[in-house]
> 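Structure in structure tokens, see below.
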Number of protein chains: 2
Amino acid sequence: MYSLSEENYLKAIFHLQKQPNQGVSTNALAEQMETKASSVTDMIKRLSEKDLVSYKKYKGVKLSSKGRNAAVQIIRKHRLWEVFLVDQLNFSWDEVHEVAEQLEHIKSKKLIRELDKFLDYPKMDPHGDPIPDEDGNIAVAEKLLLNEINPGKTTVCVGVKDTSTHFLKYLDKNNIALGKIIHIKEKEAFDESMLISIDHKELRISKMVSSNIYVKTKN
Amino acid sequence: MYSLSEENYLKAIFHLQKQPNQGVSTNALAEQMETKASSVTDMIKRLSEKDLVSYKKYKGVKLSSKGRNAAVQIIRKHRLWEVFLVDQLNFSWDEVHEVAEQLEHIKSKKLIRELDKFLDYPKMDPHGDPIPDEDGNIAVAEKLLLNEINPGKTTVCVGVKDTSTHFLKYLDKNNIALGKIIHIKEKEAFDESMLISIDHKELRISKMVSSNIYVKTKN
DNA sequence: AAATATATTTAGACACCTCTAAATATATTT
DNA sequence: AAATATATTTAGAGGTGTCTAAATATATTT
Ligand SMILES: [Mn+2]
Ligand SMILES: [Mn+2]
Ligand SMILES: [Mn+2]
Ligand SMILES: [Mn+2]
């Protein structure tokens, strides 16, 4: 199939292409891949050769449907493995990403199908991200960033945007987790910090924090 | 740590070095790795550079203790994953090897420790091979090849030498599996074929078969 | 519109791992 | 011991994926 490197590029392009439906820039891709722009250009040409992306010089890359499909399958595997690690192997949500980055490249249809069954067909990974189904469909959850919600509202935490160990550990320390009820008491105008309450305890969080927590407003 | 290729070479050397305690020949290694002798020589030099093997031109390679340790850890991972696939994910013993070949290269101490715990510290893989412990110790089972046993004896199947899909499927078809009681009724002198009984049913097997089944004599 | 800054590509190199063909060393026959 | 066969290494090359430095294209300022 595709090489480890190719798979990682496809995934990176997919993630970057999310918001705008236009081409992903070489520089953005270089940053995501932690490599140099020139290396990206090289790889893009190879991917283009294999019809995994469409590429016009200086205009960025877009995934072809073939490329998108490959990317989604890798993301499916990544997220299923993350569920496995947390639910079955006692990993915490800040420890899984690195290992899942490796496991997502294992090639075996049967493996991933059986893993899915074994985990009882989970819909979400430990960070609240949806798990694509076998056909590549991804459920779009109605979720908003906490910093966009007005004071007075009560919400449920349904995901995180930043999935870095640092951020996740901060959340653990402050009792913020998926499913937790977050009530917004105040929003400071000048720095957009918030006073929230979780488990009947008050907590002040910066915009940096509130803009990385996904919530669903609770009726 | 080590590259995928390096790990596969280390494992191959380990397996070939088993019987004799002398160097593994370039050609033997080339065959095992399904590659060319010249490629082997190249790689051996790199492994030697990293003190993973000792190498004298024209005299073959031996694993250093560093190399042996690396090899054993990979084998530990391979066999633990095989147990996982069979016990938890409904794989049959002839399907696991290919996937385990990939999974054995995943790098995570915690993963393998938790997997071991999750599987309740298995001692054997689905083919009856011992799983090395965390320190690299490998239990030596008392086992003999079926073709070395005399007629009249009753034995238990404890392992297989050939782990190819073909052979394992043949065994499935004939109800031969780990733990099965095998009674030896006759041994034909001229072709060393055997008449055995399993589950009260008689079966004639060739030397090719009997010399790939490990058994333990039953009292 | 020209000048400047930024983004992207190209050129040339290198590490890793593989290959074929040729050279050399070791083992086996005669 | 010489001849032959086999095993191993060396030489030279290619693919993948990366890098730095230089060239070129696009975007932003003035
Ligand atoms: Mn992840
Ligand atoms: Mn995730
Ligand atoms: Mn195996
Ligand atoms: Mn096995």
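Note that the coordinates shown come from a computational prediction; the quantities given were computed from them, not determined experimentally. Chain letters run A, B, ... following the sequence lines, proteins first, then strands; residues in each count from 1.
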> Report the distance from atom NZ of A/K59 to atom P of D/dA25, rounded to the nearest whole Å.
13 Å
> Answer yes or no: does atom NZ of B/K216 have more than 12 heavy-atom neighbours from other residues, nucleotides or ligands under 6.0 Å?
no
> Go through residues 66-73 of chain A and report each residue with a non-hydrogen atom lying under 4.0 Å from DNA chain C, sorted by number.
none
> What is the distance from atom NZ of B/K57 to atom NZ of B/K45, rounded to the nearest 0.5 Å?
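Going from the NZ atom of B/K57 to the NZ atom of B/K45 covers 6.5 Å.
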> Of the listed nucleotides (D/dT10, D/dT8, C/dT10), which one gets closest to any side-chain atom of B/S25?
D/dT8
> Mind checking if A/T26 touches a base, just sugar-phosphate, or nothing, with heavy atoms under 4.0 Å?
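Counting heavy atoms under 4.0 Å across all strands, the contact made by A/T26 is with sugar-phosphate only.
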> If I take atom CG in residue A/L29 and atom P in nucleotide C/dT8, what distance separates them, rounded to the nearest angstrom?
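So the CG-P distance, A/L29 to C/dT8, works out to 10 Å.
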> Check this for me, if you would: do B/E104 and B/R76 make a salt bridge, where the nitrogen-to-carboxylate-oxygen distance has to be below 4.0 angstrom?
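Between B/R76 and B/E104 there is no salt bridge, as every charged N stays at least 4.0 Å from the carboxylate O atoms.
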> If you count heavy atoms of other groups shown closer than 6.0 angstrom to CD of B/E31, is the number above 12?
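Count not over threshold, so no.
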> Given Watson-Crick or G-U pairs with both distances under 3.5 Å, what dot-bracket string fits DNA chain D, with | for other-strand pairs and [ ] for crossing?
||||||||||||||||||||||||||||||
> For the ring pair A/F14 and A/Y9, is the centre-to-centre distance below 6.0 Å?
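Ring centres of A/Y9 and A/F14 not closer than 6.0 Å.
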> Measure from NZ or CZ of A/K110 to the centre of the six-membered ring of B/F91 and say whether it is under 6.0 Å with the direction within 45° of the ring axis.
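Because its charged atom sits under 6.0 Å from the ring centre and within 45° of the axis, A/K110 does stack over B/F91.
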> Considering just the side-chain nitrogens and oxygens of B/Y55, establish if one lies under 4.0 Å of OP1 or OP2 belonging to D/dT9.
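So the side chain of B/Y55 is within the cut-off, an N or O lying under 4.0 Å from OP1 or OP2 of D/dT9.
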> Considering the options A/K207, A/R204, A/E188, which one meets the side chain to side chain donor-acceptor pair (under 3.5 Å) requirement together with A/S193?
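For A/S193, the side chain to side chain donor-acceptor pair (under 3.5 Å) test succeeds with only one of A/K207, A/R204, A/E188, which is A/R204.
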> Within the 4.0 Å limit for protein heavy atoms, which parts of nucleotides 11-22 of chain D are touched? Write it as a string from 5' to 3', B for base, S for sugar-phosphate only, - for none.
------BBBB--
> Determine whether the aromatic ring centres of A/H78 and A/H97 lie less than 6.0 Å apart.
yes
> Tell me whether the OP1 or OP2 atom of D/dT10 has a side-chain N or O from B/K57 closer than 4.0 Å.
yes
> Any side-chain N or O of B/N27 less than 4.0 Å from the OP1 or OP2 oxygen of D/dT8?
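Indeed, a polar side-chain atom of B/N27 lies that close.
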> If you round to the nearest 0.5 Å, how far is CG of B/L146 from CD1 of B/I176?
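So the gap between those two atoms works out to 8.0 Å.
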> Can you check whether A/K45 has a side-chain N or O nearer than 4.0 Å to OP1 or OP2 of C/dT10?
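Looking at the OP1 and OP2 atoms of C/dT10, one of them is under 4.0 Å from a side-chain N or O of A/K45.
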> Just how far, in rounded Å, is P of C/dT18 from CD1 of B/I44?
12 Å
> What I want to find out is whether A/K109 reaches A/E114 closely enough, with some N-O distance under 4.0 Å, to be called a salt bridge.
no
> Would you call A/D94-A/K169 a salt bridge at under 4.0 Å N-O?
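Yes, charged N to carboxylate O under 4.0 Å.
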